[in-house]
Amino acid sequence: MIRVDSIWMSTAPCDMRSGMDTLMNQIIAVFGAAQAHHAYLFANRGANRMKVIVHDGFGVWLCSRRLHKGSFNWGKGADLGSSVTLSTEQFNALIVGLPWQRLAEYSSIKCL
């Protein structure tokens with residue numbers, strides 16, 4: 001199993017033809033370096049395709065996911081260099097299409 005301590009989501013749309021080297025260059029441009037045990041998420045403009053890069057301390061993993069219907073509930077960033085940190089619960093909600101941005105809002109019951 002690949003250990004992931006932190007998950008970063010790029011809010012700028014990404015060209016899904018980009019390979020590992022191009023995406024790593026984007027990570028280095030925004031963060032200065034790809035940190036070990038960190039995952040970096042990218043999506044296309046339509047948010048129906050996602051690529052995830054994970055640096056495991058020895059090498060780099062590149063994973064992709066495509067939805068045939070619908071889209072990921074992706075964050076919209078104003079500037080191209082913006083990114084969002086996700087918790088594990090938010091990531092799990094994102095990959096199944098749930099509104100991960102409101103996850104904390106529904107974690108407690110306030111009235112009956």
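Only this structure's heavy atoms are used, side chains among them; waters, hydrogens and symmetry mates stay out. Along the sequence shown, residues are numbered consecutively beginning with 1.
- Counting only residues at least two apart or in different chains, salt bridge (Lys or Arg N to Asp or Glu O under 4.0 Å) contacts with residues 60-74 are absent.
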When the side chains of residues 50-59 are checked against the rest of the protein, which donor-acceptor pairs come out under 3.5 Å, sequence neighbours left out?
residue: K51; atom: NZ; partner: M16; partner atom: O; Å: 2.9
residue: K51; atom: NZ; partner: S18; partner atom: O; Å: 2.6
residue: H55; atom: ND1; partner: G57; partner atom: N; Å: 3.4
residue: H55; atom: ND1; partner: G59; partner atom: O; Å: 3.0
residue: D56; atom: OD1; partner: F58; partner atom: N; Å: 2.9
residue: D56; atom: OD1; partner: G59; partner atom: N; Å: 2.7
residue: D56; atom: OD2; partner: W61; partner atom: NE1; Å: 2.9

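- With a 4.5 Å cut-off on side-chain heavy atoms, W74 and L94 count as touching.
- In this structure, the side-chain contact (heavy atoms from CB on, under 4.5 Å) partners of R17, at least two apart in sequence or on a different chain, are D15.
- Contact detail for G46 and S71: the closest heavy-atom pair is O-CB, 3.5 Å.
- Here the side chains of M9 and W100 are in contact, with some heavy-atom distance below 4.5 Å.
- Heavy-atom minimum distance, A34 versus I28: N-CG1, 4.4 Å.
- By the salt bridge (Lys or Arg N to Asp or Glu O under 4.0 Å) test, R3 is found to be paired with D5, residues two or more places apart in sequence or in another chain being considered.
- Taking CD1 of I7 as the reference point, atom CG of N92 lies at 7.5 Å (rounded to 0.5 Å).
- The shortest non-hydrogen separation linking A43 to A47 is CB-CA, 4.4 Å.
- The side-chain contact (heavy atoms from CB on, under 4.5 Å) check on F31 picks up W8, I27, Y40, S83, with sequence neighbours excluded.
- Listed by chain and residue number, nothing satisfies the side-chain contact (heavy atoms from CB on, under 4.5 Å) test with D21 (two or more places apart in sequence, or in another chain).
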